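Report on the structure given below.
Atoms considered below: every heavy atom in the structure, side chains included; atoms not considered: hydrogens, waters and symmetry mates. Numbering of ligands and ligand atoms starts at 1, following listing order. None of the values given here were measured: they were computed from a predicted structure.
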Amino acid sequence: MNETTVGFLGLGNIGGGVVRLLREMGGELEKRESVKYSIKKILVRDIYKKRSIDVPKNILTTNAEDIIGDPEITLVVEALGGDMPAAEYIKQALMAGKSVVTANKLALATHWRELLATADEYGSKLYFEAGVCGAIPIIRTVTDSLQANRIDRLYGIINGTTNYILSQMSGKGVSYADALYEAQQMGIAEPDPTADVEGGDAACKLAILSTLAFHSLVPLDDIYSRGITTITPLDIEYGKELGYTLKLLATSKREGGIVCSRVHPTFVPQTHPLASVSGSYNAVYLFGHACGEMMLFGRGAGDYPTASAVVSDMIAAARGEAAPQYRMTSESTITPNWESRYFIRLKALDKPGVLGTIAGILGKHKVSIASMRQNPTGETHAPLLFVTHLARELDVRAALAEIGEDIATIENVIYVEDV
Ligand code: HSE
């Protein structure tokens with residue numbers, strides 16, 4: 001039997017979930033996996049706070065050093081969340097030669113290089129399956145199962161909150177604000193939803209995932225990200241009419257030797273498997289040159305789904321299994337000149353020649369129209385919609401800048417991926 005003494009940093013939703021899951025499954029894991037865990041200390045902010053989980057007070061501490069400085073503790077589970085002090089504690093634990101398991105995508109994505117270098121230098125191990133898409137084993141899939149592949153494209157719905165909001169907007173025709181409010185009432189969205197709805201959470205996950213999948217350091221700063229706050233029910237409705245479903249899509253593509261990674265609202269064809277991923281579910285769809293297409297689907301958040309991945313990392317750590325590593329073989333870049341199809345929604349003056357003028361401007365900038373729709377309203381201005389063929393972002397921007405407000409206002413521009 002492999003017995004491991006563990007210290008926990010944090011006993012909130014995730015930490016509490018891990019403790020509960022270990023209590024529930026501990027006996028079975030001993031028999032099945034020959035691993036046994038003894039929780040020696042748990043770092044909390046307030047020892048006397050009322051908790052939904054019952055733990056003996058004598059194992060609670062408010063001093064991280066009681067865990068990091070204790071040589072008996074060989075495995076640290078970091079479940080504090082946030083950037084600091086979590087990243088600093090992870091680093092200190094690695095420097096003390098301990099294995100660390102974390103679900104903290106922000107600390108990882110912002111201190112990635114430093115933390116992996118520390119693990120390397122001190123011969124310690126850092127596991128983070130739970131950091132990307134909760135229960136979905138995507139980190140192991142790209143690092144342990146698809147090594148023989150050259151992954152060229154990867155598309156993820158990797159934020160459950162925004163997927164829930166967009167699904168509600170699409171299904172019920174409600175506004176962004178109403179869908180967000182409902183998600184907050186249900187405990188799906190945080191009281192401060194910024195990290196989710198502005199795309200930051202998805203960008204952190206994409207930085208980690210793309211670095212491993214493409215063997216290329218993808219710094220968070222290289223990821224262009226735009227959230228869902230400007231999406232209206234009208235965008236979603238028009239997209240539907242044209243056969244598309246709107247997702248906050250995290251995309252990484254290899255173009256030549258360069259990897260480009262982005263997070264933004266994107267229309268995907270209704271017939272694509274990603275379009276059917278609704279509610280707070282996550283999915284990652286990728287293309288490897290040997291494996292072909294693959295999609296992993298599941299729960300990306302929540303105490304038990306996240307704990308499922310954390311405990312699996314705890315088993316890997318107890319057995320001394322290798323932790324994920326990346327070896328750089330390609331470079332990452334920001335691509336201001338992204339090639340995509342574009343959905344352009346305008347409010348245009350309903351007068352002879354206006355459509356021709358706008359089409360002319362797009363054509364002048366090498367933006368070719370694949371389809372268009374005008375919904376007559378009987379008013380002076382009418383909604384006008386274009387979906388382009390593949391076009392370069394800088395060309396689209398230049399064209400739109402040239403359309404004068406006297407003939408049309410640009411209401412929204414959304415990427416379209418044929419995936
Ligand atoms: N808030 C995230 C989501 C889960 O909605 O997917 C944690 O990253």
Side-chain angles (χ1 to χ4, degrees), residues 9-10 12-18 77-83 86-87 90 101-112 127-139 155-170 176 179-212 220 223 225-229 231 246-251 261 263-266 274 277-285 296-310 313:
L9 303 173
N13 196 30
I14 306 297
V18 176
V77 175
E78 186 275 309
L80 293 169
D83 181 9
I90 294 173
V101 172
T102 180
N104 188 335
K105 77 259 357 166
L106 180 62
L108 273 176
T110 36
H111 302 275
W112 183 242
Y127 303 86
F128 44 86
E129 182 64 70
V132 181
C133 298
I136 303 176
I138 185 66
I139 298 293
Y155 304 92
I157 296 169
I158 58 180
N159 182 270
T161 304
T162 46
N163 203 46
Y164 179 84
I165 292 171
L166 291 176
S167 300
Q168 290 301 101
M169 289 176 73
S170 176
Y176 163 75
L180 169 62
Y181 179 74
E182 189 201 319
Q184 285 172 320
Q185 295 307 303
M186 291 180 64
I188 292 172
E190 303 277 344
D192 176 359
T194 314
D196 291 317
V197 299
E198 297 288 2
D201 174 82
C204 286
K205 293 170 185 166
L206 187 62
I208 298 164
L209 183 53
S210 297
T211 294
L212 297 171
L220 196 49
I223 299 181
S225 77
R226 181 178 135 198
I228 62 165
T229 54
I231 299 298
L246 190 66
K247 296 291 175 194
L248 181 69
L249 205 66
T251 303
S261 304
V263 172
H264 43 61
T266 306
L274 281 169
V277 177
S278 58
S280 58
Y281 280 96
N282 283 195
V284 176
Y285 175 91
L296 286 88
F297 165 90
R299 286 263 171 231
D303 56 355
Y304 251 35
T306 308
S308 161
V310 168
D313 273 350

Ligand-residue contact atoms, ligand 1 with Lys205, heavy atoms, under 4.0 Å: 2 (C), 4 (C), 6 (O), 7 (C), 8 (O)

Strictly under 4.0 Å, does any heavy atom of Glu190 approach an atom of ligand 1? no

Contact partition for Asp201 relative to ligand 1, non-hydrogen atoms under 4.0 Å: side chain

Least distance between heavy atoms, Gly300 atom then Asn282 atom: CA-OD1, 3.4 Å

When distances are taken from atom 7 (C) of ligand 1, the protein heavy atom at minimum range is Lys105 NZ, 3.2 Å

Give the residue and atom name of whichever protein heavy atom lies nearest to atom 1 (N) of ligand 1, and the separation in Å to one decimal. Asp196 OD1, 2.9 Å

Any sub-3.5 Å donor-acceptor pair from Glu78's side-chain atoms to Val101's backbone N or O? no

Quick one: closest heavy-atom pair of Ile228 and Thr162, and the distance? CD1-CG2, 3.7 Å

In terms of residue, atom name and distance, what is the protein heavy atom nearest to atom 6 (O) of ligand 1? Gly160 N, 2.7 Å

Purely on distance, is any nitrogen or oxygen of Asn282 under 3.5 Å from one on ligand 1? no

Taking atom types as modelled, find out whether Arg299 and Thr306 have a side-chain donor-acceptor pair closer than 3.5 angstrom. no

Nitrogen or oxygen of Gly300 less than 3.5 angstrom from that of ligand 1: no

When distances are taken from atom 4 (C) of ligand 1, the protein heavy atom at minimum range is Ala301 CB, 3.6 Å

Side-chain heavy-atom pair Ile231, Leu248 within 4.5 angstrom cut-off: no

Atom 5 (O) of ligand 1: the protein heavy-atom neighbour that sits closest, reported with distance to 0.1 Å: Thr161 OG1, 2.5 Å

For ligand 1, the portion of Asn159 having any non-hydrogen atom under 4.0 Å away: both

Any sub-3.5 Å donor-acceptor pair from Ser308's side-chain atoms to Tyr304's backbone N or O? no

Minimum heavy-atom distance Lys247-Asn163, with the two atoms named: NZ-OD1, 3.1 Å

Here the pair of heavy atoms bringing Tyr281 nearest to Ile157 is O-CG2, 4.0 Å

